[in-house]
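Since the structure comes first, as C-alpha coordinates, the remarks are kept for the end.
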Amino acid sequence: MSAPADRHLRALERPVVEAARMLVGCTIAHEGCSGVIVETEAYHDSEPACHAYVGLTARTCTLFEAPGIAYVYRSYGIHALLNVVVEPYGVGAAVLIRALEPLAGLDEMRARRGWERSRDLCSGPGKLTQALGIGLDLNATPLAGGPIELGPPPPGRPDPEIVVGTRIGITRAVELPWRFCVAGNRNVSRPRLPVRALTAGPVRRHPTA
DNA sequence: CATGGGATTGACT
DNA sequence: GTCAATCCCATGC
(Lines give C-alpha, C1' and ligand atoms only; values in the text may rest on other atoms or scores of the structure.)
Protein backbone atom coordinates (compact mmCIF):
# COMPACT_ATOMS: atom_id res chain seq x y z
CA MET A 1 0.00 0.00 0.00
CA SER A 2 1.54 3.25 -1.09
CA ALA A 3 0.61 6.58 0.44
CA PRO A 4 -2.22 8.69 -1.01
CA ALA A 5 -0.90 11.41 -3.28
CA ASP A 6 -2.86 14.16 -1.53
CA ARG A 7 -1.79 13.38 2.01
CA HIS A 8 0.22 16.61 2.24
CA LEU A 9 -2.95 18.59 1.40
CA ARG A 10 -5.32 16.68 3.68
CA ALA A 11 -2.88 17.14 6.57
CA LEU A 12 -3.34 20.91 6.40
CA GLU A 13 -7.04 20.61 7.21
CA ARG A 14 -6.46 18.46 10.27
CA PRO A 15 -5.80 19.28 13.91
CA VAL A 16 -2.09 19.97 14.28
CA VAL A 17 -1.22 16.71 16.04
CA GLU A 18 -2.79 14.67 13.24
CA ALA A 19 -1.14 16.92 10.69
CA ALA A 20 2.26 16.34 12.26
CA ARG A 21 1.78 12.59 11.94
CA MET A 22 0.48 12.80 8.38
CA LEU A 23 3.31 14.99 7.14
CA VAL A 24 5.86 12.31 8.00
CA GLY A 25 6.63 10.64 4.67
CA CYS A 26 5.73 13.70 2.61
CA THR A 27 8.41 15.73 0.81
CA ILE A 28 9.89 19.19 1.08
CA ALA A 29 11.69 20.79 -1.85
CA HIS A 30 13.49 24.08 -2.44
CA GLU A 31 15.42 25.08 -5.56
CA GLY A 32 16.17 21.55 -6.70
CA CYS A 33 17.03 20.16 -3.28
CA SER A 34 14.50 17.87 -1.65
CA GLY A 35 13.95 15.29 1.05
CA VAL A 36 11.38 13.04 2.68
CA ILE A 37 10.12 14.27 6.05
CA VAL A 38 11.18 11.76 8.71
CA GLU A 39 10.56 13.78 11.89
CA THR A 40 7.98 16.40 12.93
CA GLU A 41 6.62 18.12 16.02
CA ALA A 42 3.22 19.74 16.64
CA TYR A 43 2.78 23.20 18.20
CA HIS A 44 -0.56 24.78 19.11
CA ASP A 45 -1.50 28.14 20.62
CA SER A 46 -3.28 26.38 23.50
CA GLU A 47 0.04 25.17 25.01
CA PRO A 48 2.94 27.29 26.26
CA ALA A 49 5.72 25.78 24.15
CA CYS A 50 4.12 27.30 21.05
CA HIS A 51 5.25 30.78 20.01
CA ALA A 52 1.57 31.61 19.37
CA TYR A 53 0.76 31.01 23.05
CA VAL A 54 1.42 34.71 23.74
CA GLY A 55 -1.19 35.68 21.19
CA LEU A 56 -1.02 37.71 18.01
CA THR A 57 2.24 39.65 17.69
CA ALA A 58 4.49 40.74 14.83
CA ARG A 59 6.43 37.52 15.26
CA THR A 60 3.50 35.13 15.62
CA CYS A 61 1.05 36.52 13.08
CA THR A 62 2.22 33.99 10.48
CA LEU A 63 1.09 31.15 12.74
CA PHE A 64 -2.47 32.46 12.76
CA GLU A 65 -2.72 32.66 8.98
CA ALA A 66 -4.66 30.24 6.80
CA PRO A 67 -3.01 26.80 6.44
CA GLY A 68 -0.46 25.97 3.78
CA ILE A 69 2.21 28.61 4.29
CA ALA A 70 5.66 28.43 5.85
CA TYR A 71 6.53 29.80 9.28
CA VAL A 72 10.29 30.34 9.33
CA TYR A 73 11.90 31.87 12.40
CA ARG A 74 15.37 32.28 13.88
CA SER A 75 16.33 29.97 16.71
CA TYR A 76 19.13 30.67 19.18
CA GLY A 77 20.14 33.61 17.05
CA ILE A 78 21.68 31.26 14.53
CA HIS A 79 19.39 28.75 12.88
CA ALA A 80 16.33 29.13 10.65
CA LEU A 81 13.60 26.63 11.56
CA LEU A 82 10.88 25.60 9.11
CA ASN A 83 7.25 25.00 10.09
CA VAL A 84 4.12 24.17 8.11
CA VAL A 85 1.21 26.36 9.22
CA VAL A 86 -1.97 24.29 9.70
CA GLU A 87 -5.53 24.58 11.06
CA PRO A 88 -7.99 27.32 10.11
CA TYR A 89 -7.26 31.04 9.88
CA GLY A 90 -7.24 32.49 13.39
CA VAL A 91 -5.76 29.40 15.05
CA GLY A 92 -2.04 29.56 15.83
CA ALA A 93 -0.74 26.11 14.95
CA ALA A 94 2.18 24.68 12.99
CA VAL A 95 4.19 21.53 12.38
CA LEU A 96 7.94 21.90 12.90
CA ILE A 97 9.92 19.99 10.28
CA ARG A 98 12.77 18.47 12.30
CA ALA A 99 14.53 16.14 9.89
CA LEU A 100 14.60 14.94 6.28
CA GLU A 101 15.95 11.96 4.43
CA PRO A 102 17.79 13.62 1.53
CA LEU A 103 16.33 12.80 -1.89
CA ALA A 104 17.74 15.16 -4.52
CA GLY A 105 20.38 17.86 -4.76
CA LEU A 106 22.76 16.08 -2.39
CA ASP A 107 25.82 17.77 -3.85
CA GLU A 108 24.35 21.22 -3.31
CA MET A 109 23.37 20.27 0.23
CA ARG A 110 26.93 19.16 0.93
CA ALA A 111 28.19 22.41 -0.53
CA ARG A 112 26.04 24.37 1.93
CA ARG A 113 26.61 22.07 4.89
CA GLY A 114 30.24 21.16 4.36
CA TRP A 115 31.79 17.72 4.36
CA GLU A 116 28.87 15.93 6.03
CA ARG A 117 27.83 12.36 5.41
CA SER A 118 24.43 12.08 3.69
CA ARG A 119 22.69 11.05 6.89
CA ASP A 120 23.92 14.19 8.67
CA LEU A 121 22.87 16.67 5.99
CA CYS A 122 19.28 17.12 7.20
CA SER A 123 19.20 15.35 10.60
CA GLY A 124 17.99 18.38 12.55
CA PRO A 125 15.71 21.39 12.10
CA GLY A 126 18.59 23.84 11.68
CA LYS A 127 20.55 21.48 9.46
CA LEU A 128 17.80 20.91 6.93
CA THR A 129 17.11 24.60 6.37
CA GLN A 130 20.83 25.18 5.84
CA ALA A 131 21.06 22.21 3.45
CA LEU A 132 18.05 23.35 1.40
CA GLY A 133 18.97 27.03 1.49
CA ILE A 134 15.81 28.05 3.36
CA GLY A 135 16.13 31.39 5.14
CA LEU A 136 13.99 33.80 7.12
CA ASP A 137 13.03 35.59 3.93
CA LEU A 138 10.74 32.66 3.11
CA ASN A 139 8.56 33.22 6.18
CA ALA A 140 4.86 33.37 5.25
CA THR A 141 5.42 32.12 1.69
CA PRO A 142 2.99 29.53 0.26
CA LEU A 143 3.97 25.85 0.30
CA ALA A 144 2.04 25.09 -2.90
CA GLY A 145 3.54 26.88 -5.87
CA GLY A 146 5.86 28.88 -3.62
CA PRO A 147 9.64 28.80 -3.36
CA ILE A 148 9.30 25.93 -0.88
CA GLU A 149 7.15 23.07 -2.17
CA LEU A 150 5.39 20.62 0.13
CA GLY A 151 4.68 17.45 -1.84
CA PRO A 152 3.17 13.98 -1.46
CA PRO A 153 5.23 10.94 -0.52
CA PRO A 154 7.41 9.63 -3.36
CA PRO A 155 5.35 7.23 -5.55
CA GLY A 156 5.42 3.62 -4.47
CA ARG A 157 6.98 4.38 -1.12
CA PRO A 158 5.25 2.42 1.65
CA ASP A 159 3.82 4.27 4.63
CA PRO A 160 6.55 4.46 7.26
CA GLU A 161 6.14 3.04 10.75
CA ILE A 162 5.94 6.03 13.07
CA VAL A 163 7.14 6.27 16.66
CA VAL A 164 5.92 8.92 19.09
CA GLY A 165 7.81 10.83 21.76
CA THR A 166 7.96 14.12 23.63
CA ARG A 167 9.22 17.29 21.96
CA ILE A 168 12.86 18.36 22.02
CA GLY A 169 14.54 21.48 23.36
CA ILE A 170 11.56 23.04 25.12
CA THR A 171 11.02 23.91 28.78
CA ARG A 172 7.23 24.11 28.94
CA ALA A 173 4.55 21.53 28.12
CA VAL A 174 7.38 19.01 27.97
CA GLU A 175 5.10 16.05 28.65
CA LEU A 176 3.01 16.25 25.47
CA PRO A 177 3.77 13.32 23.11
CA TRP A 178 3.78 15.50 20.02
CA ARG A 179 6.97 14.35 18.29
CA PHE A 180 6.71 11.91 15.38
CA CYS A 181 9.62 10.01 13.83
CA VAL A 182 10.07 7.28 11.25
CA ALA A 183 10.99 4.19 13.25
CA GLY A 184 14.65 3.31 12.91
CA ASN A 185 15.40 6.01 10.33
CA ARG A 186 19.02 7.15 10.51
CA ASN A 187 18.20 10.71 9.49
CA VAL A 188 16.18 11.70 12.56
CA SER A 189 17.69 14.18 15.01
CA ARG A 190 19.03 13.37 18.45
CA PRO A 191 17.98 12.18 20.88
CA ARG A 192 16.61 9.38 18.73
CA LEU A 193 13.50 7.58 19.82
CA PRO A 194 13.91 3.85 20.34
CA VAL A 195 12.41 1.77 17.53
CA ARG A 196 10.14 0.12 20.07
CA ALA A 197 8.78 3.46 21.30
CA LEU A 198 5.06 4.08 21.50
CA THR A 199 3.40 3.79 18.11
CA ALA A 200 -0.26 4.32 19.04
CA GLY A 201 -2.68 4.67 21.93
CA PRO A 202 -2.42 6.52 25.25
CA VAL A 203 0.89 7.60 26.72
CA ARG A 204 2.32 5.73 29.66
CA ARG A 205 3.60 8.53 31.85
CA HIS A 206 5.53 6.40 34.28
CA PRO A 207 7.12 2.96 33.99
CA THR A 208 5.05 0.36 35.79
CA ALA A 209 7.50 -0.73 38.46
C1' DC B 1 15.13 51.52 26.20
C1' DA B 2 17.37 47.30 28.65
C1' DT B 3 17.14 42.73 29.41
C1' DG B 4 16.43 37.77 29.25
C1' DG B 5 15.56 33.69 27.00
C1' DG B 6 15.30 30.49 23.50
C1' DA B 7 11.31 24.77 18.93
C1' DT B 8 20.09 24.32 17.98
C1' DT B 9 24.44 22.90 16.61
C1' DG B 10 29.26 21.64 16.69
C1' DA B 11 33.36 21.51 19.22
C1' DC B 12 35.44 19.99 23.07
C1' DT B 13 36.33 17.32 27.99
C1' DG C 1 28.64 14.91 29.38
C1' DT C 2 29.43 20.66 28.99
C1' DC C 3 29.42 25.06 26.61
C1' DA C 4 29.69 29.16 23.54
C1' DA C 5 27.93 31.38 19.40
C1' DT C 6 24.53 35.01 18.13
C1' DC C 7 20.06 37.73 17.23
C1' DC C 8 15.22 38.40 17.30
C1' DC C 9 11.54 39.51 19.94
C1' DA C 10 8.47 39.76 24.08
C1' DT C 11 8.35 41.84 28.25
C1' DG C 12 8.95 45.23 31.86
C1' DC C 13 10.61 49.57 33.62
Side-chain angles (χ1 to χ4, degrees), chain A residues 11 15-24 26 28 35 37-65 67 69-87 91-102 109-141 143 148 150 162-182 186-193:
Chain A
V16 64
V17 176
E18 289 179 39
R21 182 187 284 273
M22 291 179 67
L23 287 175
V24 173
C26 295
I28 288 285
I37 299 170
V38 296
E39 179 180 355
T40 63
E41 284 177 358
Y43 288 88
H44 189 269
D45 61 24
S46 62
E47 46 89 14
C50 182
H51 292 167
Y53 185 70
V54 299
L56 193 59
T57 68
R59 180 198 202 188
T60 64
C61 62
T62 306
L63 286 165
F64 291 89
E65 286 290 338
I69 63 173
Y71 170 51
V72 186
Y73 73 96
R74 187 169 296 291
S75 176
Y76 288 92
I78 301 170
H79 308 285
L81 267 56
L82 171 66
N83 299 253
V84 175
V85 174
V86 300
E87 299 208 19
V91 178
V95 176
L96 172 66
I97 308 302
R98 284 195 60 90
L100 304 176
E101 178 180 323
M109 293 188 197
R110 284 192 197 92
R112 293 199 186 96
R113 291 269 306 136
W115 49 270
E116 299 280 13
R117 295 170 298 176
S118 297
R119 76 175 57 142
D120 294 323
L121 286 174
C122 298
S123 59
K127 295 177 183 179
L128 71 91
T129 54
Q130 184 185 18
L132 269 61
I134 294 171
L136 299 183
D137 55 311
L138 298 182
N139 183 44
T141 58
L143 292 168
I148 308 169
L150 174 64
I162 295 177
V163 291
V164 184
T166 54
R167 297 174 295 181
I168 303 302
I170 56 172
T171 58
R172 297 182 293 181
V174 295
E175 74 285 355
L176 295 177
W178 284 10
R179 180 190 184 203
F180 302 93
C181 302
V182 175
R186 306 295 287 180
N187 298 277
V188 305
S189 68
R190 294 205 294 243
R192 298 239 293 278
L193 289 168

Could you tell me which non-hydrogen atom of Ala70(A) sits nearest to which non-hydrogen atom of Leu82(A), and how far apart they are? CB-CD1, 3.9 Å
Heavy-atom contacts, protein to nucleotides 3-13 of chain B, under 4.0 Å, summarised as B (base), S (sugar-phosphate only) or - (none) per nt, yield ---BBBSS---
Can you name the residues that form a salt bridge (charged side-chain N to carboxylate O under 4.0 Å, His left out) with Arg186(A), not counting sequence neighbours? none
Where do Pro67(A) and Glu87(A) come nearest, in terms of heavy atoms and distance? CD-O, 3.2 Å
Quick one: CD on Glu41(A) to CG on Asn83(A), what's the gap to the nearest 0.5 Å? 9.5 Å
Looking only at non-hydrogen atoms, find the nearest pair between Arg59(A) and Tyr71(A) and report the distance. O-CE1, 3.8 Å
Re dA7(B): Watson-Crick or G-U wobble partner, both distances kept under 3.5 Å, found to be none
Strand partner of dT6(C), provided both Watson-Crick or wobble distances fall under 3.5 Å: none
